[in-house]
Amino acid sequence: MKKIILVILLSVLIAAPAVFAEVERGFITSSAKADKEISPDTVEISVAVVTYDNKSMQKATLENKELSNKLYEAMKSFVNPENGDYVKTSDYSAQPVYVYTNNKRNFDKYEVSNRIIVHTKSIDKAGDIIDQAITLGATNIDNLNFTISSYEKQCDGLLSEATQKTRARAELLAKAAGTVITGTKSISASCNTTGVSQRIMYNMMAKSSVADSEAAMGSSTPIATGVIKIYANVNASYFVK
């Protein structure tokens, strides 16, 4: 029995170097990126209606409801649900507002806020949407976010391109080092964008003057969409021998 155990141990020790050599085999690490500039085809516009009343929350709420309903119906005319467009409420709040004087909290007014998101592929209508919203009582147009509807498809294509570049660089390094690639050890990849996001702030005092000036000019608010740049980054390690 002892001889059998001894033979087994010797066999394991003899085989061990080969196992360790396989685990510790060399590898080459390389990285690459690919990028592309694309014109956005979708826009999200954040429109808010904020109302106040010094005495009654109910009055502030009713006024907000009236303005918001008109705004909501008007915004629906700018979207096409068949294209994935929509209008939705993104945030609603009703609360008392307090001010602090000499470290003492004093009631100031009641505030009701309703924020609506207009999401549409009719990107050329962005200026008209803003003008119409202001005319109907919007108190804030506080964000424009331009995006690409085919982002996932574009990202996949760039990741494939970057992966091919990574492999080609690794093969170049392996050849220069007198080795060859035998397999893939690991790959990590990511996609990101430098998008176009604009913040537009209209307050209640400026609202009427902006609407009047636009009406006088007979044109919509000019909106420049710019371009969105998509980046793909790939880092990979390859086994060599």
Side-chain angles (χ1 to χ4, degrees), residues 38-53 56-97 109-154 193-228:
I38 304 174
S39 296
D41 62 358
T42 305
V43 63
E44 278 196 355
I45 304 174
S46 177
V47 181
V49 174
V50 183
T51 54
Y52 305 95
D53 193 273
S56 171
M57 175 71 82
Q58 184 178 14
K59 287 183 178 180
T61 302
L62 290 174
E63 182 184 357
N64 194 288
K65 180 180 179 181
E66 181 180 349
L67 291 173
S68 296
N69 285 341
K70 291 179 180 179
L71 184 62
Y72 185 81
E73 290 302 317
M75 294 300 99
K76 287 197 297 185
S77 67
F78 288 102
V79 302
N80 181 2
E82 294 181 0
N83 288 336
D85 296 355
Y86 57 81
V87 178
K88 71 173 184 178
T89 297
S90 66
D91 182 65
Y92 183 90
S93 65
Q95 60 189 355
V97 176
K109 57 195 171 186
Y110 293 103
E111 177 186 284
V112 179
S113 174
N114 187 11
R115 179 167 278 102
I116 296 171
I117 296 294
V118 183
H119 177 102
T120 178
K121 289 187 173 65
S122 299
I123 202 167
D124 57 316
K125 295 181 181 178
D128 294 328
I129 291 172
I130 291 172
D131 293 344
Q132 184 70 5
I134 294 171
T135 300
L136 292 174
T139 52
N140 296 82
I141 311 291
D142 53 16
N143 190 58
L144 274 77
N145 185 34
F146 296 98
T147 59
I148 303 169
S149 59
S150 62
Y151 172 77
E152 294 296 334
K153 180 179 179 180
Q154 299 291 344
T193 64
T194 53
V196 183
S197 182
Q198 302 178 15
R199 292 191 62 81
I200 299 181
M201 302 300 292
Y202 291 108
N203 57 38
M204 295 181 69
M205 294 180 64
K207 178 183 63 176
S208 58
S209 61
V210 171
D212 292 343
S213 62
E214 291 297 337
M217 291 187 295
S219 60
S220 60
T221 298
I223 301 296
T225 61
V227 296
I228 293 176

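Along the sequence shown, residues are numbered consecutively beginning with 1.
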Novice: Are the side chain of N64 and the backbone of A60 linked by a donor-acceptor contact shorter than 3.5 Å?
Specialist: no
Novice: Nearest heavy-atom pair of A138 and V49: which atoms, and what distance?
Specialist: CA-CG2, 4.2 Å
Novice: Minimum heavy-atom separation for Y92 and V112, please, with both atom names.
Specialist: OH-CG1, 3.4 Å
Novice: Are any of the side-chain heavy atoms of L67 and T139 separated by less than 4.5 Å?
Specialist: no
Novice: Counting N and O atoms only, with roles assigned by atom type, does the side chain of N80 sit under 3.5 Å from a partner on the main chain of E82, one being a donor and the other an acceptor?
Specialist: yes
Novice: If you round to the nearest 0.5 Å, how far is OH of Y151 from CD of Q154?
Specialist: 10.5 Å
Novice: Is the shortest side-chain heavy-atom distance between T120 and F78 below 4.5 Å?
Specialist: no
Novice: Please name the pair of heavy atoms, one in S68 and one in I116, separated by the smallest distance, quoted to 0.1 Å.
Specialist: O-CD1, 4.3 Å
Novice: Taking the side chain as everything from C-beta on, heavy atoms only, tell me whether T147 gets closer than 4.5 Å to P40.
Specialist: no
Novice: So how far is it from I129 CD1 to I223 CD1, rounded to the nearest 0.5 Å?
Specialist: 10.0 Å
Novice: For N114 and L71, run side-chain contact (heavy atoms from CB on, under 4.5 Å): C-alpha distance rounded to whole Å, both residues' side-chain angles, the deciding distance at 0.1 Å, then the answer.
Specialist: CA-CA 11 Å; N114 187 11; L71 184 62; over 6 Å; no
Novice: Determine whether D53 and E63 make a side-chain contact, defined as any pair of heavy atoms from C-beta on separated by less than 4.5 Å.
Specialist: no
Novice: Could you work out, with side chain to side chain contact (heavy atoms under 4.5 Å, CB included) as the rule, every residue matching P96, not counting sequence neighbours?
Specialist: M57, Y98, F107, Y110
Novice: Out of curiosity, T42 OG1 to I148 CD1, how far, rounded to the nearest 0.5 Å?
Specialist: 9.0 Å
Novice: Looking only at atom types and distance, does a side-chain atom of S56 sit under 3.5 Å from a main-chain N or O of K59, one as donor and one as acceptor?
Specialist: yes
Novice: Once you round to the nearest 0.5 Å, how far does CZ of R115 lie from OG of S93?
Specialist: 8.5 Å
Novice: Partners of K70 by salt bridge (charged side-chain N to carboxylate O under 4.0 Å, His left out), sequence neighbours excluded?
Specialist: E66
Novice: Measure the spacing between CD1 of I130 and OG1 of T135 and express it to the nearest 0.5 Å.
Specialist: 11.5 Å
Novice: Nearest heavy-atom pair of N83 and K121: which atoms, and what distance?
Specialist: O-NZ, 2.7 Å
Novice: Just wondering, more than 12 heavy atoms not from Q95 lying within 6.0 Å of its CD?
Specialist: yes
Novice: Please enumerate all residues that pass ring-ring contact (aromatic ring centres under 6.0 Å, His included) together with Y86, with sequence neighbours excluded.
Specialist: H119
Novice: Under the side chain to side chain donor-acceptor pair (under 3.5 Å) test against S46, which residue among N145, N143, D142, D91 passes?
Specialist: D142
Novice: I need the I228 CD1 to I38 CD1 distance, nearest 0.5 Å.
Specialist: 8.0 Å
